[in-house]
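Presented below is the structure to which this report refers.
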Amino acid sequence: MTLRVLLADDQALLTSAFRLLIDSCDDMEVVGIAGDGAEAVELARATLPDVVAMDIRMPVLDGLAATREICRDENLKNTRVMILTTFETDEYVAEALRAGADGFLGKDVRPEGFLAAIRAVAAGETTLSPAATRVLVTHFLARPHTDSAVTPASLSDLTTREREVLIQVAEGLSNDEIAEKMYLSLLTVRTHVQRMMTKLGARHRAQLVAIAYRSGLIRVEPPRG
């Protein structure tokens with residue numbers, strides 16, 4: 001099946017490069033290019049893409065507002081949004097996930113990482129760049145522990161292998177990267193992630209990251225300031 005991708009970015013040179021990269025793949029194609037958020041929503045409704053690669057800072061309507069419009073449109077329930085931006089900040093990462101985005105990548109992502117992220121998001125996975133993951137970790141560490149359900153005991157139902165995979169997820173690795181690092185098949189990694197989400201009651205990958213840190217499975221030094 002060919003994945004249908006809509007590009008939304010006001011930088012024509014960048015979208016041209018992304019289009020060439022996507023169209024070089026046998027399993028995906030670009031079905032439209034939008035120069036602002038309003039056009040992105042309009043084209044999404046017209047073309048019904050599988051994935052929208054969405055910039056944040058665009059004229060007329062920004063990418064976060066456009067993401068909200070797309071994600072609450074019942075006719076676009078099968079369309080997934082991946083944020084692709086140079087601004088990997090706490091505010092943008094959190095707001096993108098609240099808006100319904102299924103991925104958050106920096107524009108410095110390598111070509112193979114970009115293509116892998118499109119495939120992952122289209123498959124129903126949440127993809128976060130390492131920088132976005134670090135932002136989320138800092139955000140969650142700074143918040144008071146109000147969720148009493150998130151304790152070391154929360155991980156008791158996980159197998160040893162699932163815990164190992166969870167550590168990699170919390171460090172910001174994609175499923176493809178985990179599969180390569182742990183010498184597992186991509187299907188096996190996806191299965192582990194889905195089972196962990198079910199066992200831990202996580203709705204998306206970002207919550208798995210939060211659980212890994214809040215439960216103490218992974219510890220980081222609080223940011224100095």
Any side-chain heavy atom of [X] within less than 4.5 Å of one from [Y]?
| X | Y | result |
| --- | --- | --- |
| D23 | R19 | yes |
| M182 | E177 | no |
| M197 | L208 | yes |
| V193 | V169 | yes |
| N78 | D50 | no |
| V51 | T79 | no |
| M54 | L6 | no |
| D73 | R45 | yes |

Atom [atom1] of [X] and atom [atom2] of [Y]: how far apart are they, to the nearest 0.5 Å?
| X | Y | atom1 | atom2 | value |
| --- | --- | --- | --- | --- |
| D62 | D55 | CG | CG | 9.5 Å |
| I33 | F18 | CD1 | CZ | 11.0 Å |
| T191 | L184 | OG1 | CG | 10.5 Å |
| D9 | Q11 | CG | CD | 5.0 Å |
| L166 | L158 | CG | CG | 6.5 Å |
| L21 | S16 | CG | OG | 12.5 Å |

| message | Do the side chains of R119 and D176 get close enough for a salt bridge, i.e. N-O under 4.0 angstrom? | response | no

| Salt bridge or not for D10 and R57, using N-O below 4.0 Å? |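 Salt bridge between D10 and R57, a charged N being under 4.0 Å from a carboxylate O: no.
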
| Is there a side chain to side chain contact (heavy atoms under 4.5 Å, CB included) between F104 and T85 once you walk through the steps? | CA-CA 8 Å; F104 198 104; T85 182; 3.7 Å; yes

Nearest atoms (heavy-atom pairs only) where [X] meets [Y]:
| X | Y | value |
| --- | --- | --- |
| I70 | A40 | CD1-O, 4.4 Å |
| A44 | L76 | O-CD2, 3.3 Å |
| V109 | F114 | CG2-N, 3.7 Å |
| L61 | A38 | CB-N, 3.5 Å |
| E162 | M196 | O-SD, 3.0 Å |
| P49 | V5 | CB-C, 4.4 Å |

| task | Using only heavy-atom distances, determine whether the side chains of S185 and T188 contain a donor-acceptor pair under 3.5 Å. | result |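 Result is yes, a qualifying pair exists.
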
Any donor-acceptor pair under 3.5 Å from [X] side chain to [Y] backbone:
| X | Y | result |
| --- | --- | --- |
| R68 | G100 | no |
| K199 | D157 | yes |
| Q194 | R190 | no |

Do other residues, nucleotides or ligands put more than 12 heavy atoms under 6.0 Å from [X] [atom1]?
| X | atom1 | value |
| --- | --- | --- |
| R195 | CZ | no |
| E180 | CD | no |
| L20 | CG | yes |

| task | Show your working on side chain to side chain contact (heavy atoms under 4.5 Å, CB included) between I167 and R163 and close with a plain yes or no. | result | CA-CA 6 Å; I167 290 172; R163 288 181 182 228; 5.6 Å; no

| message | If we check side-chain contact (heavy atoms from CB on, under 4.5 Å) with I22, which of these qualifies: D27, V30, V31, L3? | response | V30

| query | If Ile, Leu, Val, Met, Phe, Trp and Tyr residues are connected whenever their side-chain heavy atoms lie under 4.5 Å apart, and connections chain through other members, are L43 and V60 in the same group? | reply |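 No, separate clusters.
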
